[in-house]
Amino acid sequence: MTMELSTQYDPKEAEETHYKRWEEGGFFTPEINQNENAEKYSIVIPPPNVTGSLHMGHALQHTIMDVLTRRKRMLGYRTLFLPGIDHAGISTQLMVTRQLKEQENKTPQDIGREAFTEKVWEWKHKYGNTILNQMRREGISVDWSRERFTMDDSLSKAVRNVFVTLYEEGAIYRGARIVNWCPNDETVLSDLEVEDKEKKDGKLYFLKYPVRSDDQERTITVATTRPETMLGDTAVAVNPNDERYKDLVGKMISLPLTGREIPIVADEYVDMDFGTGAVKITPAHDPNDYELGLRHDLPQLSVMNLNGTMNADAGAEFDGLDRYVARKKVLADFEELGLLEKTADHEMILPVCERCKTVIETLISEQWWVKMDGMRDLALELKRSEDYPRFTPQNPHAKVYTDWLENLRDWTISRQLWWGHQIPAWYDKDGKVYVARSREEAAEQAGTEDLRQDDDVLDTWFSSWLWSFSTLGWTGDAKRGQESEVQSPKSEDESPGSSVQRPKSEDPSPKETLDVGPETRDLQTFHPTNVLVTARDIIFLWVSRMVMSSLKFIGERPFDDVYITGTVLAPDGQRMSKTKGNGVDPIDVFDQFGVDATRIALAGSSTGMDFAWRDEKVETYRNFANKIWNATRFCLMNSEGAKADPGSIGMAGSEQKAESGEPSEASVSSPTVREGSGTAAVIDVSALSIADRWIISRLNKTAREVNQALDKYAFHVAVDKLYHFFWDDFCDWYIELVKDEISDRGEWASDKGQVTSDEKEAQDKDQKPKSEDQILARSRIITVLEQSLRLLHPFMPYLTEELWQKLPGANSGLHNPAYSNADRTIMLADFPTGDESLIDEKAESDMATIFELITKVRNIRAEMQIKPSDKIAIHAAADEKSRRIFSENEAQILKLARAAELNLSESLNVPNASAKGVLNNGTEIAIPLEGLIDFEKERERLQNQIDKLEIEGEKMRKQLSNENFVNKAPAEKVEAVKERVREIKIQTELLTKNLEAFR
RNA sequence: GGGCAUAUAUGUCAAUUGGUAGACAGCCUCCCUUACAAGGAGGAAGUUGGAGGUUCGAGUCCUUCUAUGCCCACCA
């Protein structure tokens with residue numbers, strides 16, 4: 001058979017065909033697993049924003065999750081990788097509002113709440129799939145049949161149940177407090193949604209306030225960055241120890257522009273060294289002033305509207321002015337009154353809205369809050385007692401997590417938006433609130449239908465913090481009335497709400513209400529999830545909250561491990577940002593280098609540290625993909641009669657691994673298995689050549705290393721091992737070693753004649769029957785290749801599937817037994833774990849000696865500038881053992897060193913005009929170069945080597961002469977050094993002898 | 001103001017519990033050898049940010065300094 005493949009791998013085609021087949025074949029669903037007793041493995045994707053598009057951080061995280069999932073799936077786990085998106089309240093509302101403005105020149109208020117949310121849903125259906133399609137392109141093996149959206153009915157139900165439960169326990173309350181307010185979005189924000197922004201050209205204004213006292217001229221100067229807020233001042237504060245102002249404490253000030261009188265108070269909060277040591281106090285517009293105001297019982301005078309303009313209480317002249325216009329006016333007025341003492345430059349940090357970057361106002365507003373104490377304690381207790389969650393990398397995340405929890409404050413959960421989960425609270429005519437799961441329930445409580453639902457919606461995170469279990473079917477309905485059974489004892493003790501009798505007493509018994517639908521089964525099967533993979537910036541926003549909610553509501557942890565990826569930085573080492581324009585779009589990279597190259601490049605960079613993006617890195621793996629492609633191409637060109645068969649390299653196939661006796665149902669029922677079940681015997685590896693035993697050993701060792709690395713989330717280690725195994729061991733050495741054995745073309749040296757492609761084809765057609773040995777050799781290399789592709793599959797799914805499909809013998813018989821029913825695909829093949837008994841250290845060290853010999857000869861050739869076409873003679877003087885190894889592999893040595901003869905002896909007997917070298921084991925080699933040798937160059941070369949050994953040897957002899965080292969270091973270390981010193985000594989002596997021969 | 005991290009070859013990054021510093025890219029030499037020039041063979045390149053300390057032995061542990069980055073925090 002002739003398999004014509006192009007000489008370069010084009011990722012496009014593979015990317016287009018395989019994903020569809022995987023998805024349609026149901027390979028991504030846990031149901032594909034036929035093993036009832038399979039262990040489960042589950043990951044829920046951190047839901048990207050519905051408005052979002054894929055960025056490098058996603059690509060990295062998704063790759064990591066997919067690598068983990070694909071490997072576990074191949075290992076026979078029942079895997080679920082669940083996709084979904086987040087409704088992203090603020091940003092989505094912003095986006096649709098903007099669109100509405102552009103297309104219809106209307107505001108949300110113009111069209112009303114219902115029409116607006118309708119529009120958002122439309123928008124969601126139309127554009128919300130962008131990121132989902134990009135995720136498909138990434139090749140991630142998520143179960144689309146379980147795709148979730150934070151506003152799905154069942155997730156909404158969960159949100160309402162959680163809200164009501166917390167309310168009934170007294171953990172959710174409504175109250176007026178000072179909050180972060182975005183005047184642009186006109187909503188409250190939690191502390192976590194506020195960012196700091198440096199303002200280098202900030203100003204500090206010094207305002208003089210006249211003091212009412214006997215001395216009419218007396219003023220007190222305050223420094224402020226926000227003069228407009230002076231309109232809401234209700235005091236001036238000084239430090240009680242401040243001598244400058246001691247006599248003023250208790251006096252009154254006539255506040256300019258307002259006609260109001262405010263007191264001077266003393267408070268420790270005031271820093272005497274900053275500004276003038278006197279601080280204007282605006283309790284309604286500054287968090288510190290708010291606190292101070294409470295301490296001194298000051299009035300809270302709100303002078304601003306919610307859109308950032310001043311209100312009537314700011315005074316008639318200011319009413320309706322934008323805050324920045326008002327600022328100018330206040331300053332102008334002070335100037336005019338001669339009360340503006342001075343203006344100073346002042347670098348400062350401004351709080352801005354995370355979404356729209358508008359400067360935040362702090363103001364007093366009535367909002368819904370969640371008391372976090374109870375849940376916080378659950379999480380902290382688990383951290384203390386079991387060090388949960390386990391973060392990778394552990395530092396600094398574990399500590400940051402704990403510190404944050406310890407200082408946790410109440411969470412503002414209401415948002416003044418229309419897009420989101422509307423707060424399940426209703427008010428009657430008198431303003432009395434009824435919190436319930438539905439309007440009907442509320443009406444029942446209120447005894448009237450005349451109710452108005454709270455206008456606000458919940459913080460987006462109030463739905464995402466339930467993500468680990470709400471996506472698996474938890475709605476909170478099933479366990480209503482039986483909380484105590486599921487909840488951890490601790491939370492039960494603490495929740496006063498658990499004794500609250502709900503108006504639902506007619507509920508049937510808990511057991512009967514337990515919904516055992518498929519969704520609940522998912523919860524039972526897949527929760528807790530195994531690992532959460534996410535970025536650093538949402539440890540507080542999301543990770544910690546998920547822990548708390550999960551402990552609280554289902555009494556178990558949401559996930560086992562937390563893997564925090566590093567940040568992908570721009571090529572310039574800075575953060576990627578739209579404004580800087582230094583971002584790299586993963587889709588562009590996919591187009592340029594292919595998805596697989598991008599994936600493995602990302603995984604290979606994932607150490608947990610931040611890293612700067614390099615196109616060259618992806619290019620390296622693009623080349624790697626091409627290498628894999630061509631290696632496969634070569635194997636296929638020489639594959640007639642062969643097939644992938646683990647038994648051919650001494651590995652038990654999946655059928656052998658499956659429980660003995662029990663013939664897998666699949667092999668009986670499915671004919672597709674037949675073709676592959678020719679897997680007969682597992683051969684005895686010891687009968688194979690050193691080269692074969694070596695590659696089998698390397699393969700198994702690599703498999704073990706890859707598995708170990710992935711278990712520890714050491715993705716870069718896994719990639720490194722795979723890269724070097726495949727490229728160095730398999731391609732550079734193994735293929736070259738067995739080339740003649742598996743190829744029909746005969747000895748490399750024999751035919752130099754040109755062969756036209758026609759003739760070649762003709763030759764291929766009437767190939768003589770292959771010898772059995774050749775077929776076995778071909779099967780071995782195909783099998784090693786096939787195993788390698790499996791190991792690579794989690795990282796490079798498209799390429800490996802594309803190639804695997806072409807391998808003879810690659811069929812569902814190679815699947816993990818759990819999937820023997822499924823259509824042939826590498827993604828269900830049995831993931832190699834590495835058979836320790838096939839690791840052959842002897843073969844590895846023997847091969848290392850052979851490679852050293854070959855490399856040494858090549859080195860001499862290169863340095864002596866011997867033409868590639870010149871075939872030289874190798875003379876080697878070695879001990880008996882080495883001679884045997886060399887002679888057994890003579891053909892390969894000759895070929896790879898481009899030599900015509902290999903003369904083995906106990907001692908060298910060569911012409912003086914020879915280039916010489918010594919191997920680590922003392923083997924002396926020489927290449928006679930009559931006439932060709934440049935004695936000067938050879939002397940230099942030898943001296944060079946002697947010098948290098950000398951430096952190394954000196955270091956070691958020094959170590960050995962140190963008594964402390966010899967006495968205290970482990971004996972094996974000492975012995976190793978001694979051994980190396982012996983080697984160096986022998987080599988140096990031989991080289992010196994050779995050098996002297998030239999003098 | 002606190003907390004944490006990072007500093008290793010020209011660049012981007014590795015280095016399991018302390019045990020003779022590695023990869024990739026780039027660079028130099030040779031080769032378009034019949035899987036692959038997105039390739040092959042060979043090679044050069046590092047006082048591991050500075051200074052101390054612990055240890056037989058330190059890139060790795062401790063102290064300190066310098067630079068950079070991130071997180072948290074109410075300095076008007």
Side-chain angles (χ1 to χ4, degrees), chain A residues 5 7-9 196 204 222-226 229 237 269-271 273-276 278-282 286-292 346 348 362 393 395-397 399-400 403-404 407 536-537 539-540 567 569 571 573-575 604-605 607 609-614 616-617 619-638 708-709 712 714 716-717 720 723-724 731-732 735-736 739 743 745 748 751-752 754-755 760 855 858-863 865-869 896 898 952 955-956 959 962-970 972-974 976-977 980:
Chain A
L5 297 181
T7 59
Q8 285 192 1
Y9 169 54
D196 288 339
L204 192 58
V222 295
T224 180
T225 54
R226 303 168 58 210
T229 61
Y269 154 73
V270 181
D271 179 353
D273 299 326
F274 187 88
T276 61
V279 189
K280 60 188 276 307
I281 300 299
T282 324
D286 181 281
N288 301 309
D289 295 4
Y290 177 80
E291 294 295 328
L292 190 144
H346 180 63
M348 57 186 184
T362 37
N395 282 313
H397 311 304
K399 186 172 156 44
V400 166
D403 287 353
W404 186 78
N407 298 308
R536 208 163 24 224
D537 53 347
I539 292 180
F540 306 142
T567 308
L569 303 170
Q574 306 235 291
R575 236 155 213 289
S605 305
T607 61
M609 293 289 113
D610 294 352
F611 61 95
W613 179 263
R614 295 272 126 184
E616 298 94 307
K617 218 178 285 184
E619 208 179 323
T620 298
Y621 289 104
R622 190 267 318 260
N623 295 351
F624 183 47
N626 196 49
K627 189 74 177 174
I628 297 168
W629 175 265
N630 276 295
T632 306
R633 197 163 74 91
F634 174 76
C635 291
L636 289 175
M637 284 164 58
N638 299 289
Q708 279 164 12
K712 289 188 295 191
H716 65 297
V717 174
D720 184 71
Y723 182 88
H724 290 290
C731 293
D732 287 348
I735 288 184
E736 298 303 331
K739 214 168 215 176
S743 141
R745 302 270 161 81
W748 67 282
D751 65 329
K752 268 274 158 187
Q754 295 293 324
V755 184
K760 233 186 254 173
T855 304
R858 284 171 173 173
N859 175 307
I860 290 172
R861 293 188 66 115
E863 292 194 4
Q865 294 179 331
I866 298 167
K867 279 183 281 179
S869 53
L896 298 182
R898 299 191 150 263
E952 190 189 343
K955 212 188 265 177
M956 298 193 142
Q959 238 181 329
N962 182 340
E963 253 179 68
N964 282 320
F965 173 72
V966 180
N967 294 334
K968 293 186 184 175
E972 59 194 52
K973 295 285 174 205
V974 178
V977 173
R980 182 68 190 140

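Note that the structure is predicted; figures quoted are calculated from it, not measured. FYI, side chains are in, hydrogens and waters are out, and symmetry mates aren't considered; it's all heavy atoms of this structure. First the proteins, then the strands, lettered A, B, ... as listed; each starts at 1.
In terms of the salt bridge (Lys or Arg N to Asp or Glu O under 4.0 Å) criterion, K627(A) has no residue partners (sequence neighbours excluded). Listed by chain and residue number, F274(A) satisfy the ring-ring contact (aromatic ring centres under 6.0 Å, His included) test with H346(A) (two or more places apart in sequence, or in another chain). Residues passing the ring-ring contact (aromatic ring centres under 6.0 Å, His included) test with Y723(A) are Y621(A), F624(A), W727(A), sequence neighbours excluded. Qualifying salt bridge (Lys or Arg N to Asp or Glu O under 4.0 Å) partners for K617(A), counting only residues two or more places apart in sequence or in other chains: none. Applying the side chain to side chain contact (heavy atoms under 4.5 Å, CB included) criterion to Q8(A), with sequence neighbours excluded, gives N626(A). Evaluation of the side chain to side chain contact (heavy atoms under 4.5 Å, CB included) rule for K968(A) yields N964(A) as partners, not counting sequence neighbours. Scanning for ring-ring contact (aromatic ring centres under 6.0 Å, His included) contacts around W629(A) gives Y9(A), with sequence neighbours left out.
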Can you give one letter per nucleotide of nucleotides 12-23 of chain B, going 5' to 3': B for a protein heavy atom under 4.0 Å from the base, S for sugar-phosphate only, - for none? SSSS---BB--S
Nucleotide by nucleotide, nucleotides 42-49 of chain B touches protein heavy atoms under 4.0 Å in the pattern (B base, S sugar-phosphate only, - none) SSS-----
What nitrogen or oxygen pairs link the protein and nucleotides 36-39 of chain B at under 3.5 Å?
unit_1: rC36(B); atom_1: O4'; unit_2: N630(A); atom_2: OD1; d: 3.1
unit_1: rC36(B); atom_1: O4'; unit_2: N630(A); atom_2: ND2; d: 3.4
unit_1: rC36(B); atom_1: O2'; unit_2: N626(A); atom_2: ND2; d: 3.3
unit_1: rC36(B); atom_1: O2'; unit_2: N630(A); atom_2: ND2; d: 3.3
unit_1: rC36(B); atom_1: O2; unit_2: K627(A); atom_2: NZ; d: 3.0
unit_1: rC36(B); atom_1: N3; unit_2: K627(A); atom_2: NZ; d: 2.7
unit_1: rA38(B); atom_1: O4'; unit_2: N623(A); atom_2: OD1; d: 3.1
unit_1: rA38(B); atom_1: O2'; unit_2: N626(A); atom_2: ND2; d: 3.1
unit_1: rA38(B); atom_1: N7; unit_2: Q8(A); atom_2: OE1; d: 3.1
unit_1: rA38(B); atom_1: N7; unit_2: Q8(A); atom_2: NE2; d: 2.7
unit_1: rA38(B); atom_1: N6; unit_2: Q8(A); atom_2: OE1; d: 2.4
unit_1: rA38(B); atom_1: N3; unit_2: R622(A); atom_2: NE; d: 2.9
unit_1: rG39(B); atom_1: OP1; unit_2: N623(A); atom_2: ND2; d: 3.2
unit_1: rG39(B); atom_1: O3'; unit_2: K627(A); atom_2: NZ; d: 3.1

Short heteroatom pairs, N/O only, protein and nucleotides 1-3 of chain B, under 3.5 Å:
none

Report the C-alpha separation of K280(A) and T229(A) in whole Å, then their side-chain angles, then the decisive distance to 0.1 Å, and conclude whether the side chain to side chain contact (heavy atoms under 4.5 Å, CB included) test is met. CA-CA 9 Å; K280(A) 60 188 276 307; T229(A) 61; 2.6 Å; yes
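Remark: RNA chain B forms stems of 3 or more consecutive Watson-Crick or G-U wobble pairs, all pair distances under 3.5 Å, at B:1-7 with B:66-72, B:10-13 with B:22-25, B:27-31 with B:39-43, B:49-53 with B:61-65.
Within the nucleic acid shown, C635(A) has no heavy atom closer than 4.0 Å to any nucleic acid atom.
A cation-pi arrangement is present between K739(A) and F634(A) under the rule of less than 6.0 angstrom and at most 45 degrees off the ring axis.
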